[in-house]
**Q** 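One structure coming up, written as structure tokens, with questions to follow.
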Protein chains: 2
Amino acid sequence: MSQSLTIEEIASLAQVSRSTVSRVLNEHPNVRASVRERVLQVISEQNYAPRAAARSLANNRTQSLCFLFPNKTSSVFEDPFFAMLMQGMLEVANRRGYFVMLSAVAPDMEQDFYRKVLRSRPFDGLIMLASVEDDPLLPMLLRDRMPFVLCERHPYLRNVSWIEIDNRESAREAVLHLLKLGHRRIGTITGPLNTSSGVERRDGYKQALLEHGIGIAPELIIEGDYHPDGGFAGMQRLLQLPDPPTAMFIASDLMAIGAMRALRAAGLRVPHDTAIVSFDDLPAARFADVPLTTVHQPIRDIGLNATDILIDQLEQQDFTPTFRRMPTKLIIRDSCGASLRTGA
Amino acid sequence: MSQSLTIEEIASLAQVSRSTVSRVLNEHPNVRASVRERVLQVISEQNYAPRAAARSLANNRTQSLCFLFPNKTSSVFEDPFFAMLMQGMLEVANRRGYFVMLSAVAPDMEQDFYRKVLRSRPFDGLIMLASVEDDPLLPMLLRDRMPFVLCERHPYLRNVSWIEIDNRESAREAVLHLLKLGHRRIGTITGPLNTSSGVERRDGYKQALLEHGIGIAPELIIEGDYHPDGGFAGMQRLLQLPDPPTAMFIASDLMAIGAMRALRAAGLRVPHDTAIVSFDDLPAARFADVPLTTVHQPIRDIGLNATDILIDQLEQQDFTPTFRRMPTKLIIRDSCGASLRTGA
DNA sequence: CTGTTAGCGCCTTCAA
DNA sequence: TTGAAGGCGCTAACAG
């Protein structure tokens, strides 16, 4: 890159000391207005910007955040859920003057990531997506007092900050909807059961059934992975039962899309033969073959709020654990069969 | 965060000078093996990692790259194309020891981004996705000699590095395929015509037609935006023609999916009434309602190679403009109708 | 092969 | 309100 100026040169051009330029840069009040003007003038003329590295070294802050994605699968970024989350996060970070670094750590690289990256402190705080029960990174982060916010409640850790939705209640409502439509044999494909969203949505499913005096049938509960292939495989297994379910609560839209493929392959129609309610309300839910009835969660807002929380904590230097809960809403479309009934 | 050690303290624990520790850290050859061992031992015991900011200040390198996304639409990250590209980029960056910063700059923020972010040099180089003809950032990058690689050839700039596919030839083959199937009235929905991929794919379409003695019908060429809604709208317009096309070359899978919605809404079947060949071969192409015949491009590899090129340039300090061309391949599925014919 | 010595560019006391 | 001076943690000559 071309030689860029230093604060020293700006100072001499503006005929003040480095300190004064620094004060102007950092919006210190104690600078005479006329001097400030002159300095700003020179800065603008010279197109000067202080070097991030020098600043970081001096004030111990990088003005950047890290978004840490799990990388169990090779396709995190292809998951629209993460994409939308990221959209929200990036928006806030930029608005509030933070850079954003991205990391996707493979399971076997976690130690390495911690040692080489995290301890070198290239960022002020981080946002973790989808915390797994036994995530090895969390204890290290806590020990080092690295500020972070989880984008989902951790299965049992509570002395951290997170942002969440009411997974259990939302799932319960989804299943109640199916019950109201007359279904009694309802299956579910859950999320990963080492995440709290996976467990909670399953529990909401169970609760709804029990409230209606319907027993839990273990063979109707299949653990999935939030991805289409998991939905496909799960549905296939359920279809092999002697008495397959007439309705499904599927813990993510993507899995529901996979499950619908399996149903179609088996010659079954949604919602006529099998009703479906899913979770997330991704754009794909609306455009699916059969538009999905699904629990809407404000994904972008979640990312947005998580980032706001983190930056607030950083700027106020107050890291007392906190959480925020976002609202959800059941969106009725075609896959549950409700429109069939009213239509009929 | 907890107080972390400095190189000085590691040095005194290992009973050597800072320089020696520094040499060990940077894998300098000139360190006695036994000393190196001792230092590494201490480093590992203390869980030490040099601070990124201090390093950057001293050696003028940040070890980080920026991925710069266009942000015309609010949904860059929802585009699987970018997601897959990013996957490849992140992989290489991590493997070669670089951090990755992410930016999505809104059109009206470009000046600001340049002034505040770029000039503060928080990264060593950047990868730009989808360069538009009149992108205001490019001239500034060139002026500042900021190392960068484009993930698509710029419409006319040639003294830069980029990675590309042969858009024209690929599009030509796609259209030839439709011609071979007997179609004579073939329409196209193009990409944005201020990008080179948009222009080149359209030109490939024209070339194929002309080679077969078919005149270009301007009413059959509609400019799109690579997104589903653009495909939907474009197809709708074409369907209003007195003599609609019997086949379509659509410059992206997402637009093809949108176009198929429009066709379905009009009661037309793919491929029976309207054959379609598209471009990209996203995962969605395989799983579409009617699986898409489409030009496969190695998206992840493109990201991978772009990053390799950039890092090579940085590490060899050789910034002579270069480009690399990746192969494409027409994947025949159902939407073109080829299988109908062989089946029949 | 190793230690000494200057910086890298900025922020921040401390005096004036 | 301003300037002088020291230091943030590391790298990179330069000596030895």
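Only a predicted model underlies this, so the values are computations on that prediction, with no experimental measurement involved. Order of the sequence lines sets the chain letters (A, B, ...), proteins ahead of strands, with each chain counted from 1.
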**Q** C/dC11, OP1 or OP2 - any side-chain N/O from A/Arg55 closer than 4.0 Å?
**A**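 Yes.
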**Q** For a 4.5 angstrom cut-off between non-hydrogen side-chain atoms, does A/Arg23 reach A/Val39?
**A**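 A/Arg23 does not reach A/Val39 side chain to side chain.
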**Q** Go through D/dT2, C/dC10, C/dG3 for me and flag the one nearest to the A/Arg51 side chain.
**A**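 For A/Arg51, the side-chain atoms sit closest to C/dC10.
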**Q** Calculate the interatomic distance between B/Asn26 atom CG and D/dA12 atom P; express it in whole Å.
**A**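 For the pair B/Asn26 CG and D/dA12 P, the rounded distance is 6 Å.
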**Q** Are a donor atom and an acceptor atom from the side chains of A/Glu37 and A/Gln41 found within less than 3.5 Å of each other?
**A**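 Checked: A/Glu37/A/Gln41 side chains show no N/O donor-acceptor pair below 3.5 Å.
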**Q** Taking the inter-plane angle between the rings of B/Phe82 and B/Phe69 on a 0 to 90° scale, is it parallel (under 30°), tilted (30 to 60°) or perpendicular (over 60°)?
**A**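 Judged by the thresholds at 30° and 60°, the geometry between B/Phe82 and B/Phe69 is perpendicular.
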**Q** Using only side-chain N and O atoms of B/Arg32, determine if any of them is under 4.0 Å from OP1 or OP2 of C/dT2.
**A**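 The answer is yes; a side-chain N or O of B/Arg32 sits under 4.0 Å from OP1 or OP2.
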**Q** With a 4.5 Å cut-off on side-chain heavy atoms, are A/Leu126 and A/Leu141 touching?
**A**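 Result yes, sub-4.5 Å side-chain heavy-atom pair found.
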**Q** Taking OP1 and OP2 of C/dC10, is either one under 4.0 Å from a side-chain nitrogen or oxygen of A/Tyr48?
**A**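 Answer yes for this pair, as a side-chain N or O of A/Tyr48 is under 4.0 Å from OP1 or OP2.
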**Q** 5'-most contact on DNA chain D: B/Ser19 or B/Ala53, nearest heavy atom basis?
**A**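 First, find each residue's nearest nucleotide; the 5'-ward one identifies B/Ala53.
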**Q** Whole angstrom is fine here: how far is it from NE2 in B/His28 over to P in D/dC10?
**A**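 My rounded result for the distance is 15 Å.
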**Q** To the nearest Å, how far apart are B/Asn59 CG and D/dC8 P?
**A**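 Rounded to whole Å, this separation is 19 Å.
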**Q** How many Å lie between CD1 on A/Ile7 and P on C/dC10, as a whole number?
**A**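 Between P of C/dC10 and CD1 of A/Ile7: 5 Å.
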**Q** Reading DNA chain D from 5' onward, which residue's closest nucleotide shows up sooner: A/Arg18 or A/Val35?
**A**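 Mapping each residue to its closest nucleotide by heavy atoms, the 5'-most match is A/Val35.
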**Q** If I take atom CG in residue B/Asn60 and atom P in nucleotide C/dC8, what distance separates them, rounded to the nearest angstrom?
**A**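 Nearest whole value for this atom pair: 11 Å.
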**Q** Identify whether any heavy atom of A/Val16 sits under 4.0 Å from a base atom; if not, whether one sits that close to sugar-phosphate; answer base, sugar-phosphate or nothing.
**A**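 Result for A/Val16 = sugar-phosphate.
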**Q** Between atom CZ in B/Arg61 and atom P in D/dG9, what is the gap in whole Å?
**A**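 Result: 22 Å.
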**Q** Of B/Ser17 and B/Ala54, whose nearest nucleotide on DNA chain C comes first from the 5' end?
**A**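 With B/Ser17 and B/Ala54 compared, the 5'-side residue is B/Ser17.
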**Q** Measuring only between side-chain heavy atoms, which start at C-beta, is A/Thr307 closer than 4.5 Å to A/Tyr98?
**A**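 No - every pair of side-chain heavy atoms lies 4.5 Å or more apart.
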**Q** Taking only side-chain nitrogens and oxygens of B/Thr6, does any of them come within less than 4.0 Å of OP1 or OP2 of D/dG9?
**A**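 For D/dG9, neither OP1 nor OP2 has a side-chain N or O of B/Thr6 closer than 4.0 Å.
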**Q** According to a strict under-4.0 Å criterion, is A/Ser22 in side-chain N/O contact with OP1 or OP2 of C/dC11?
**A**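 Yes, because at least one side-chain N or O of A/Ser22 sits under 4.0 Å from OP1 or OP2 of C/dC11.
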**Q** Please tell me if A/Thr20 has a side-chain N or O lying less than 4.0 Å from either OP1 or OP2 of D/dG3.
**A**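 Looking at the OP1 and OP2 atoms of D/dG3, one of them is under 4.0 Å from a side-chain N or O of A/Thr20.
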**Q** Rounded to the nearest Å, what distance is computed from the CZ atom of residue B/Arg23 to the P atom of nucleotide C/dT2?
**A**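 Taking CZ of B/Arg23 and P of C/dT2, I get 8 Å after rounding.
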**Q** Identify which nucleotide among D/dT11, C/dC1, C/dG9 has an atom closest to any side-chain atom of A/Leu57, counting heavy atoms from C-beta outward.
**A**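 The answer is C/dG9, which lies nearest to the side chain.
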**Q** Expressed in angstrom and rounded to an integer, what is the separation of B/Arg119 atom CZ from C/dC10 atom P?
**A**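 The answer, rounded to whole Å, is 12 Å.
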